[in-house]
Amino acid sequence: MNIFRLVGDMTHLASVLVLLLKIHTIKSCAGVVEEDMAYEINSISLKTQELYALVFATRYLDIFTHYHSFYNTVMKLIFLGSSFSIVWYMRRHKLVRRSYDKDHDTFRHLFLVLPCLILALLIHEKFTFREVTWAFSLYLEAVAILPQLVLLQRTRNIDNLTGQYVFLLGYFLLHNLCSFNLRLRRKSEYRIQSIVHIKLGLSLLYGATLCPLDMYVILTWISGLVQTLLYADFFYYYFQSWKNNVKLELPA
């Protein structure tokens, strides 16, 4: 295990605990936007939570068939359990579900699923059920945060716990990208760093053909970069609010 993977996992775990703590403690998925707690607005997107539950469900299908390590198994169980727990809270808990505002969380997240599935069927490491579902989870993870960011953009005012959750999640994805790059460097059988860069350049300059594995690695990189870019605007305003010690607000 590399340091980026460890830091990423712990950051992801922290983001999930922050969100579960928020929902379990105040029995609400809304954020308080006035100091006197005069009213609340929806701040947690159920659409994003459902997408992440789907990401982990398709990525960790091998949890009971392929054993890697105790740490790996425990983290998979935690991420699966926490993701579906959050969805259950927001859909079924008699108090929490009342605070969920469908009128603001209107992003059509199912339109993200189909393109990711088609892309996974076309570009993957190997055409097996396990590899295709893993590729699908990778592509879907890149855009799963979109409903949450759109919701925050609409409501503008963001409570502290929601802001910390989104920040930690973005920080995890950044470390995840670094971890993936390090794992590729260690996999000598791929020899990816130089080969893919050369082939990508040749394909752009001379129309050379990229094999599916080359395209898969390139799209994996692109997926990570897309995730990072989606968070760029949020990170900017998050650090501005932290530096100036003011409430986090996103522009309309």
Side-chain angles (χ1 to χ4, degrees), residues 1 4-24 29 44-93 96 105 107 109-117 119-121 124-125 128-149 162 165-180 183 216 219-220 223-224 226-228 230-231:
M1 182 191 304
F4 293 113
R5 164 82 184 277
L6 180 60
V7 174
D9 284 348
M10 293 302 104
T11 305
H12 191 188
L13 182 60
S15 71
V16 171
L17 291 177
V18 164
L19 185 54
L20 280 173
L21 177 66
K22 168 189 171 70
I23 294 176
H24 181 73
C29 57
I44 300 299
S45 170
L46 174 61
K47 309 293 181 66
T48 282
Q49 299 308 316
E50 289 176 339
L51 290 177
Y52 276 124
L54 182 58
V55 165
F56 294 127
T58 52
R59 179 172 299 174
Y60 299 147
L61 287 173
D62 65 340
I63 187 170
F64 298 113
T65 59
H66 292 79
Y67 178 81
H68 298 284
S69 67
F70 177 75
Y71 172 86
N72 186 276
T73 301
V74 169
M75 295 306 292
K76 286 180 179 180
L77 288 173
I78 290 175
F79 292 145
L80 280 169
S82 60
S83 297
F84 282 96
S85 294
I86 293 170
V87 172
W88 179 86
Y89 261 112
M90 297 182 70
R91 279 197 172 274
R92 299 298 179 185
H93 193 282
V96 176
D105 192 20
F107 192 99
H109 61 320
L110 295 181
F111 284 107
L112 297 175
V113 176
L114 184 58
C116 292
L117 178 59
L119 195 59
L121 289 170
H124 42 261
E125 184 174 343
T128 62
F129 180 75
R130 181 184 174 191
E131 292 298 334
V132 170
T133 54
W134 194 92
F136 168 74
S137 74
L138 184 72
Y139 303 145
L140 185 60
E141 186 181 30
V143 293
I145 195 62
L146 269 175
Q148 180 66 70
L149 294 178
T162 302
Y165 162 70
V166 177
F167 171 77
L168 288 171
L169 194 58
Y171 191 67
F172 150 71
L173 294 173
L174 182 62
H175 275 272
N176 207 29
L177 181 62
C178 295
S179 174
F180 179 78
R183 289 202 307 271
Y216 173 72
L219 279 179
T220 301
S223 297
V226 166
Q227 294 178 70
T228 305
L230 286 175
Y231 280 94

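- The nearest pair of heavy atoms linking F107 to P147 is CD2-CG, 3.7 Å.
- Once rounded to the nearest 0.5 Å, the distance linking OG1 of T58 with CZ of F129 reads 9.0 Å.
- Summarising the geometry of Y71 relative to D9, their closest heavy-atom pair is OH-OD2, 2.8 Å, with the distance given to 0.1 Å.
- Looking at every heavy atom in both residues, M90 comes nearest to I44 through CE-O, 3.4 Å.
- To the nearest 0.5 Å, atom CZ of residue F84 and atom CZ of residue R91 are 12.0 Å apart.
- Note that OG1 of T133 and OH of Y60 are 12.5 Å apart. Values are rounded to the nearest 0.5 Å.
- Side-chain contact check for F136 versus L121: every heavy-atom pair is 4.5 Å or farther apart.
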Exercise for the section: Dump the intermediate steps for side chain to side chain contact (heavy atoms under 4.5 Å, CB included) on D62 and W134, then the final yes or no. Expected result: CA-CA 10 Å; D62 65 340; W134 194 92; over 6 Å; no
Exercise for the section: Start with the C-alpha distance between T48 and L146, add both sets of side-chain angles, then the distance that settles side chain to side chain contact (heavy atoms under 4.5 Å, CB included), and finish with yes or no. Expected result: CA-CA 7 Å; T48 282; L146 269 175; over 6 Å; no
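- Nearest approach of S45 to Q148, heavy atoms of both residues: N-OE1, 3.0 Å.
- For the pair S82 and L20, the tightest heavy-atom approach, listed with the atom from each and the gap, is CB-CD1, 4.0 Å.
- Here the NE2-CE distance, from H68 to M75, works out to 14.5 Å after rounding to the nearest 0.5 Å.
- Judged by distance alone, with hydrogens and angles left aside, the side-chain atoms of S83 form no donor-acceptor pair with the main-chain N or O of L80 at under 3.5 Å.
- Taken to the nearest 0.5 Å, the NE2 atom of H93 stands 10.0 Å off from the CD1 atom of I23.
- Heavy atoms from other residues, nucleotides or ligands lying under 6.0 Å from OH of Y67 number more than 12.
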Practice task
Any chance you could lay out the side chain to side chain contact (heavy atoms under 4.5 Å, CB included) test for R59 and E141, step after step, and finish with the verdict?
Solution key: CA-CA 10 Å; R59 179 172 299 174; E141 186 181 30; 2.8 Å; yes
Handout entry: Worked verdict on L51 versus V113 for side chain to side chain contact (heavy atoms under 4.5 Å, CB included)
Key = CA-CA 8 Å; L51 290 177; V113 176; 3.9 Å; yes
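- Rounding to the nearest 0.5 angstrom, the gap separating the CE atom in M10 from the CG atom in L17 is 10.0 Å.
- Ring planes of F79 and F56: parallel class, angle under 30° (limits at 30 and 60°).
- Looking only at distances, no side-chain donor or acceptor of Q49 sits under 3.5 Å from a matching main-chain atom of V87.
- Contact detail for L112 and L140: the closest heavy-atom pair is O-CD1, 4.1 Å.
- The salt bridge (charged side-chain N to carboxylate O under 4.0 Å, His left out) check on K47 picks up nothing, with sequence neighbours excluded.
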